[in-house]
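What follows is a single structure, written as structure tokens, with notes after it.
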Amino acid sequence: MEFMQVLSSFADVSVWVSLILGVIVGIIGGALPGISPSMTIALMLPVTLYLPGVDAIASLMGAYQGAMYGGSISAILINTPGTASAAATAIDGYELAKKGKAKKALLMSLYSSVAGGVIGIIILLFSAQFLAKIALKFGPPEYFGLMMLSMALIAGISGKSLMKGLISAGLGLFFATIGLDPIYGSTRFTFGNINLFDGVNTLSVFIGIFALSEIMMQLSLGRTELNKKPETLLMDKDTLTIKEFFAEKMNILYASIIGAFIGILPGIGGSTASFVAYAFEQKRSKHPEEFGKGSLAGIAAPEAANNAVCGGALVPMLTLGVPGDVVTAILVGALIAHGIKPGPLLFVENIASVYSIYIALFFSLIVLSAVGHLGINASATIVKLRKSILLPLVFVICIVGTYSSGGSYFDVYAMLFFGVVGFLLRKYGYPLSPLIIAFVVGGMLESNLRRSLLLDDSGAMIFFTRPLSAFLLVASVVFMAFMVHSNQKEKKAAEAKKEEVADEDDLA
Amino acid sequence: MKKVHHEIVSGSVITIICALIYFILIPTQVKLKPNAELGPEFFPKLVVATTGILSFAHTMIQLRSLKAYNASLKDISFSIKGYIDHIIFIALGFAFLLVVEYLGFPITVVLLLIALLFFFGSKGIAKNIVIAVIYGVSLWYLFNVILKISFPPGIFGI
């Protein structure tokens with residue numbers, strides 16, 4: 001009954017306008033190299049604060065799906081992936097575009113993304129309710145275990161150095177303590193400034209850390225480089241046939257399942273999903289030799305996988321309140337700003353919001369296929385925009401967006417501060433994703449830790465006397481160890497490859 | 001080599017910041033609750049101490065690796081030259097915030113955009129002015145008129 005009521009709210013024209021705008025903004029953000037999906041959503045968030053609930057959810061979900069597809073446009077046309085998850089698409093996409101088949105490549109990418117997105121939603125529908133039911137039995141120690149599991153994903157996103165990832169997360173946790181203490185209500189690090197009593201404005205952190213620091217990094221490239229016009233390949237008339245698309249149906253199905261399950265696991269994300277799906281399809285294919293030379297299968301697999309990640313990543317986010325990656329961390333912040341608190345209680349107290357998210361995700365895919373198809377020729381223009389024009393425009397959006405989220409210029413000062421912090425951390429090789437994830441889960445982590453410790457006299461033993469919290473803590477440690485091990489393995493493989501190349505150069 | 005120097009500098013700076021927070025900021029900026037079990041300072045202390053220890057350990061590891069490169073701490077140098085553009089850029093942001101209260105949002109944002117477009121290397125005076133005016137006014141219209149977000153008016157009443 002409630003589902004039908006929510007569905008009827010999507011009959012409103014304003015919801016569809018929000019969906020369309022969300023998808024367009026997402027595609028543009030994803031297509032522009034240097035503007036990540038997380039940055040796109042962070043920049044769009046202030047505008048959504050002024051929209052009614054369903055409209056806001058629709059625009060956010062539209063932007064999420066749009067950005068995941070948008071990354072492939074620049075990957076195919078200028079061999080520069082707009083997002084990390086589109087890196088695998090560039091391998092065959094650009095090769096196909098060089099052969100004069102850019103349109104075919106873009107259409108394959110679009111429809112694989114849509115198909116992958118649909119399969120991701122189906123997996124979300126089947127697993128979310130079940131997981132939420134289990135999570136309803138959680139108390140503070142179990143929640144603390146969950147938050148620790150979320151923190152453990154930092155090991156996976158720390159890049160080359162786990163130590164630097166942990167330091168970055170420590171800074172994020174510290175920033176989360178600014179404001180009123182969650183248990184006693186005492187002020188902390190507010191310097192008597194009333195603007196800090198509710199903590200640092202989440203948007204100031206998101207926009208400063210992601211958008212502003214990125215602009216500052218790009219500034220280091222120099223004006224000549226920033227003013228260069230990207231070379232794009234000409235759009236041809238050779239389009240994708242239905243036969244060619246359906247020839248990849250099993251490829252898309254497998255890639256989507258891989259993508260959705262990788263999305264559910266915290267900390268792995270779209271780029272891994274697309275490369276795993278690419279490698280899987282190459283092994284499965286009857287013509288593996290065509291991969292890397294402009295194979296349509298090489299575009300379909302990563303694109304289906306990275307859009308399926310969206311549905312998968314929403315499973316832990318909605319049911320447990322645990323963000324699986326940076327984009328979902330920002331979505332958690334966005335939903336909280338709209339009065340929707342992700343977690344198992346959401347499925348009991350506010351099931352209408354859950355339905356809105358499901359429906360918005362599904363409709364955003366329909367809009368994506370239409371907007372993506374109609375705008376295929378315009379996409380070549382988007383990626384041609386010079387950075388010397390794009391970056392100032394983005395900076396102004398950062399200022400206006402941050403101001404409008406709280407109606408105070410203090411938040412803009414905070415955004416500039418976090419921009420500098422983000423820039424310095426990036427400059428010195430500290431990953432920013434751990435900082436954002438720690439900042440988002442920091443408040444919950446602290447209150448659940450302290451509440452658990454105050455529950456009885458057993459102290460820290462409480463986490464080990466309750467089976468589920470003990471399991472979650474052990475799982476966090478195992479997960480972290482696994483991530484560290486695989487990171488080191490990758491590092492060693494990269495070093496070995498480097499040495500091999502050096503030896504070959506010497507021989508030459 | 002330069003990378004190791006970077007690691008040492010960043011690790012040391014974070015360690016010092018953590019020490020300052022732990023010993024100066026927490027005692028002065030956290031309002032303590034007398035007799036409270038696990039008071040408001042508990043979690044910040046835990047976080048800052050852990051981060052400080054990690055960054056100290058990171059610095060020490062990098063210091064040890066200096067030997068492998070046969071280098072010393074004396075080689076560490078810092079030049080502000082590479083950061084001048086970034087400083088000007090952030091200064092433009094602060095200048096905007098100072099001026100916006102007097103000139104109002106639409107005028108200040110157009111001026112900021114013109115300055116930024118030239119600063120980022122976009123060529124063509126007329127082109128930059130047109131972009132700045134169209135974009136600035138569109139943004140103001142979107143936020144102020146459509147989304148009803150009020151920006152404090154400046155001396156010209158807008």
Side-chain angles (χ1 to χ4, degrees), chain A residues 47 50-51 161 163-164 166-167 169-171 173-174 177 181 183-191 212 215-216 219-220 222-224 226-227 386-389 391-393 395-397 399-400 403-404 407 409 412-413 415-416 419-420 423-425 427-430 442 445-446 449-450 453-454, chain B residues 3 6-7 9-11 14 18 21 25-26 29-33 36-44 47-48 50-52 54-55 57-58 61 82 85-86 89-90 93-94 96-97 100-101 105 109 112-113 116-117 119-123 131-132 135-136 139 142-143 147-152:
Chain A
V47 179
Y50 293 87
L51 299 176
S161 166
M163 190 80 104
K164 286 164 97 173
L166 292 174
I167 293 170
L171 295 176
L173 286 176
F174 171 71
T177 64
D181 169 57
I183 308 276
Y184 297 106
S186 309
T187 54
R188 298 190 299 195
F189 313 111
T190 59
F191 298 90
L212 195 56
I215 297 173
M216 291 173 82
L219 193 54
S220 308
R223 287 180 184 81
T224 322
L226 292 175
N227 205 30
R386 290 170 208 263
K387 285 184 178 170
S388 58
I389 294 173
L391 298 178
L393 304 186
F395 181 55
V396 171
I397 286 272
I399 291 178
V400 183
Y403 171 83
S404 50
Y409 282 119
V412 186
Y413 281 108
M415 185 269 291
L416 291 176
V420 175
F423 167 68
L424 290 174
L425 288 174
K427 192 90 186 157
Y428 286 90
Y430 288 81
L445 181 79
E446 177 183 5
L449 169 68
R450 284 168 66 192
L453 293 175
L454 290 169
Chain B
K3 193 178 170 286
H6 268 181
E7 302 290 342
V9 171
S10 61
I14 295 173
C18 288
I21 295 173
L25 220 51
I26 292 179
Q29 285 298 321
V30 177
K31 205 174 169 191
L32 301 179
K33 283 268 170 189
E37 213 179 326
L38 302 176
E41 76 289 2
F42 166 74
F43 193 70
V47 167
V48 172
T50 313
T51 312
L54 284 171
S55 48
H58 180 64
I61 293 167
D85 277 349
H86 304 96
F89 172 66
I90 288 296
F94 280 108
F96 169 85
L97 291 170
V100 73
E101 291 183 31
F105 178 79
V109 88
L112 174 73
L113 262 173
L116 284 171
L117 285 165
F119 181 68
F120 276 81
S122 172
K123 286 173 187 152
I131 292 174
Y135 189 72
L139 264 189
L142 170 71
F143 280 86
L147 296 172
K148 307 257 184 277
I149 296 160
S150 62
F151 293 97

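In the text below, chain A, chain B and the rest are named by the order of the sequence lines, each starting its count at 1. Nothing here was measured: the structure is a model prediction, and the numbers come from that model.
Annotation: salt bridge (Lys or Arg N to Asp or Glu O under 4.0 Å) contacts of B:Glu7 (sequence neighbours excluded): A:Lys164, B:Lys3.
The contact between A:Thr177 and chain B is made entirely by side chain atoms (from C-beta outward), counting heavy-atom distances below 4.5 Å. With a threshold of 4.5 angstrom between heavy atoms, B:Ala57 approaches chain A through its backbone and through its side chain. Neither the backbone nor the side chain of A:Thr224 has a heavy atom closer than 4.5 Å to any heavy atom of chain B. Using a 4.5 Å cut-off between heavy atoms, B:Ile131 touches chain A through its side chain atoms alone. Residue contact with chain A, scored on non-hydrogen atoms closer than 4.5 Å, involves the backbone and the side chain of B:Ile26 alike.
Expressed to the nearest 0.5 Å, how far OH of A:Tyr184 lies from CG of B:Leu32 amounts to 11.5 Å. The distance from atom CD1 of A:Ile167 to atom OG1 of B:Thr50, rounded to the nearest 0.5 Å, is 11.5 Å. With rounding to the nearest 0.5 angstrom, the OH atom of A:Tyr413 is 4.5 Å from the CG atom of B:Leu97. The CD1 atom of A:Ile397 sits 4.5 Å away from the CG atom of B:Leu139 when rounded to the nearest 0.5 Å. The line from OH of A:Tyr428 to CD1 of B:Ile14 is 10.5 Å long, rounded to the nearest 0.5 Å.
Using a 4.5 Å cut-off on side-chain heavy atoms (C-beta onward), A:Val396 and B:Phe96 make no contact. The shortest distance between side-chain heavy atoms of A:Tyr50 and B:Ile149 falls below 4.5 Å. For the pair B:Gln29 and A:Phe191, the minimum side-chain heavy-atom distance is below 4.5 Å. Between A:Glu446 and B:Val47 the shortest side-chain heavy-atom distance does not fall below 4.5 Å. Contact check for B:Leu38 versus A:Ile183: no side-chain heavy atoms found under the 4.5 Å cut-off.
The aromatic ring centres of A:Phe395 and B:Phe89 sit less than 6.0 Å apart.
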Stepwise side chain to side chain contact (heavy atoms under 4.5 Å, CB included) test for A:Asn227 and B:Phe120: CA-CA 8 Å; A:Asn227 205 30; B:Phe120 276 81; over 6 Å; no
What verdict does the side chain to side chain contact (heavy atoms under 4.5 Å, CB included) test give for A:Leu453 and B:Phe42, after you've listed the backbone C-alpha separation in whole Å, the side-chain angles of each residue and the deciding distance to 0.1 Å? CA-CA 12 Å; A:Leu453 293 175; B:Phe42 166 74; 4.1 Å; yes
Walk me through it: do B:Lys31 and A:Asp181 pass the test salt bridge (charged side-chain N to carboxylate O under 4.0 Å, His left out)? CA-CA 9 Å; B:Lys31 205 174 169 191; A:Asp181 169 57; over 6 Å; no
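Your options are B:Ser150, B:Gly136, B:Pro152, B:Gly11, and the one with the most heavy-atom pairs under 4.5 Å with chain A is B:Pro152. Contacts with chain B were tallied for A:Pro392, A:Gly170, A:Ser186; A:Pro392 has the most, counting heavy-atom pairs under 4.5 Å. Note on A:Leu424, A:Leu425, A:Ile215: by heavy-atom pairs under 4.5 Å with chain B, the leading option is A:Ile215. Taking chain A as the reference chain and counting heavy-atom pairs below 4.5 Å, the highest number among B:Gly121, B:Ser122, B:Pro40, B:Cys18 is found for B:Pro40. Most heavy-atom pairs under 4.5 Å with chain B, from the set A:Ile389, A:Leu226, A:Leu173: that is A:Ile389. Of the listed residues A:Gly442, A:Gly429, A:Gly222, A:Ser220, the one with more heavy-atom pairs under 4.5 angstrom with chain B than any other is A:Ser220. When the candidates B:Leu142, B:Val109, B:Val100, B:Val48 are compared by the number of heavy-atom contacts under 4.5 Å with chain A, B:Val100 comes out ahead.
Under a 3.5 Å cut-off, the side chain of A:Arg188 and the backbone N or O of B:Glu41 do not form any donor-acceptor pair. With hydrogens and angles ignored, the 3.5 Å screen pairs a side-chain donor or acceptor of B:Tyr135 with a backbone N or O of A:Leu393.
Heavy-atom minimum distance, A:Leu416 versus B:Gly93: CD1-C, 3.9 Å.
Put simply, the residue from B:Phe151, B:Phe143, B:Phe105 that forms a side-chain contact (heavy atoms from CB on, under 4.5 Å) with A:Tyr403 is B:Phe151.
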